[in-house]
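Here is the structure we will look at.
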Amino acid sequence: MRIKNWKSKTMILALLLIAIAVSSYSTLAYFSYSEKAENVITTGKISIEILEQKDDGQGNLSDFENLINVMPSMEVSKIVRIRNTSSQTAWIRVSVEKVMELAYQTDEEIDLSLIQINFDNENWIEKDGYYYYLHPLKGMELTEPLFTKVKFDGAMGNMYQDSQVKIIIKASAVQFANNGTTVFEAAGWPDEGLN
């Protein structure tokens with residue numbers, strides 16, 4: 001009877017050790033299990049530049065330089081285009097600001113409408129103070145000119161003599177891929193122009 005009792009105790013002890021070993025193994029496996037996954041996504045970069053050129057009247061283009069001695073009723077060549085200098089296709093928008101600094105003090109108000117710009121309304125649309133290029137601009141391509149001429153109205157009087165006129169161009173671009181089907185649906189425009 002003692003042997004039987006001893007075999008029972010040994011059997012219970014063995015089963016208990018097996019149960020402890022199995023539960024320890026499961027716990028050990030649970031605490032030692034780990035997994036790591038890394039996903040690398042590289043984004044594209046959009047970059048643009050503003051081109052300001054002039055036409056010499058015979059179709060030859062050169063960089064636009066400051067002009068002096070401009071008179072009322074004169075029309076000057078100033079061709080503004082944007083180049084996509086990246087490899088990614090982009091949507092483009094541009095802001096244009098006319099600024100005049102009078103040479104002499106006066107109480108009269110400056111009339112900026114006397115400076116007339118011939119904007120292209122086929123490829124560019126003005127909305128909310130910006131001119132939006134209607135076509136996606138592929139990498140290394142140029143837009144159609146936003147404008148090509150600036151005219152100084154003949155009604156400019158003596159108060160504008162020796163004054164300085166600035167036409168400030170700021171351009172920005174956002175990606176075309178997965179960013180709306182038109183330039184007006186595109187998201188991500190910066191608050192200020194990039195250039």
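None of these values were measured; they are calculated from a predicted model.
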Set of residues satisfying side chain to side chain donor-acceptor pair (under 3.5 Å) with respect to Lys166, sequence neighbours excluded
Glu101

Minimum heavy-atom distance Tyr132-Arg93, with the two atoms named
OH-NH1, 3.3 Å

Same cluster (ILVMFWY, side-chain, under 4.5 Å), Leu146 and Ile79:
no

Side chains of Tyr133 and Asn123: do they bring a donor and an acceptor to under 3.5 Å?
no

Sub-3.5 Å donor-acceptor pair from the side chain of Lys98 to the main-chain atoms of Leu112, do we have one?
yes

d(Ile92 CD1, Trp189 CH2) to nearest 0.5 Å is 6.5 Å

Residues passing the side chain to side chain donor-acceptor pair (under 3.5 Å) test with Lys54, sequence neighbours excluded, are none

Could you check if a side-chain atom of Leu102 sits within less than 4.5 angstrom of a side-chain atom of Met159, using non-hydrogen atoms only?
yes

To the nearest 0.5 Å, what is the distance between OG (Ser86) and CG (Leu137)?
8.5 Å

Any non-hydrogen side-chain atom of Ile167 less than 4.5 Å from a side-chain atom of Glu97?
no

Any Tyr131 side-chain heavy atom under 4.5 Å of Ile125 side chain:
no

So do the side chains of Phe119 and Asn121 get within less than 4.5 Å of each other, counting heavy atoms only?
yes

Is it the case that the side chains of Thr85 and Ser47 hold a donor-acceptor pair, with the cut-off being a distance below 3.5 Å and no angle test?
yes

Ile82 side chain reached by Leu51 side chain, heavy atoms, under 4.5 Å:
no

Identify, with sequence neighbours excluded, every residue that meets salt bridge (charged side-chain N to carboxylate O under 4.0 Å, His left out) alongside Lys151.
none

d(Asn158 CG, Met156 CE) to nearest 0.5 Å is 11.5 Å

Under a single-linkage definition using a 4.5 Å side-chain heavy-atom cutoff for Ile, Leu, Val, Met, Phe, Trp and Tyr, are Phe152 and Met71 assigned to the same hydrophobic cluster?
yes

Give the minimum heavy-atom separation between Trp91 and Leu134, together with the two atoms involved.
CZ3-O, 3.9 Å

Taking atom CG of Asp56 as the centre, report whether more than 12 heavy atoms of other residues, nucleotides or ligands fall under 6.0 Å from it.
yes

Rounded distance (nearest 0.5 Å) linking atom OG1 of Thr148 with atom CD of Glu75
8.0 Å

For a 4.5 angstrom cut-off between non-hydrogen side-chain atoms, does Arg81 reach Gln53?
yes

Anything under 3.5 Å between a donor and an acceptor, one on a side chain of residues 175-182, the other on a protein residue two or more places apart or in another chain? List them.
| unit_1 | atom_1 | unit_2 | atom_2 | d |
| --- | --- | --- | --- | --- |
| Gln175 | NE2 | Ala177 | O | 2.7 |
| Asn179 | OD1 | Ala187 | N | 2.8 |
| Asn179 | ND2 | Gln175 | O | 3.0 |
| Asn179 | ND2 | Ala187 | O | 3.0 |
| Thr181 | OG1 | Glu185 | OE1 | 2.8 |
| Thr181 | OG1 | Glu185 | OE2 | 3.4 |
| Thr182 | OG1 | Phe184 | N | 3.3 |
| Thr182 | OG1 | Glu185 | N | 3.4 |

Which heavy atom in Gln161 sits nearest to a heavy atom in Tyr104, and how many Å separate them?
O-CE1, 3.5 Å

Flag the pair Glu52 and Lys78 as a salt bridge only when some basic side-chain nitrogen lies within less than 4.0 angstrom of an acidic carboxylate oxygen.
yes

Sub-3.5 Å donor-acceptor pair from the side chain of Asn118 to the main-chain atoms of Phe147, do we have one?
no

Under 3.5 Å, which donor-acceptor pairs do the side chains of residues 61-69 form with other protein atoms, sequence neighbours left out?
none

Any donor and acceptor pair, going by atom type alone, linking the side chain of Asn84 with main-chain N or O of Gln88 inside 3.5 Å?
yes

I'd like to know if Val165 and Val99 are part of one continuous hydrophobic network [Ile/Leu/Val/Met/Phe/Trp/Tyr, side-chain heavy atoms within less than 4.5 Å].
no

Looking at side-chain heavy atoms only, is the closest gap between Val96 and Ile168 below 4.5 Å?
no

Kindly state each residue pair satisfying salt bridge (Lys or Arg N to Asp or Glu O under 4.0 Å) with at least one member in residues 103-126, sequence neighbours excluded.
none

Can you find a side-chain donor-acceptor pair between Asp153 and Ser73 that sits under 3.5 Å?
no

Is the backbone of Ala103 close enough, under 3.5 Å, to the side chain of Asp162 for a donor and an acceptor to pair up by distance?
no

Are Ile169 and Val76 linked, directly or through other ILVMFWY residues, by side chains that come within less than 4.5 angstrom of each other?
yes

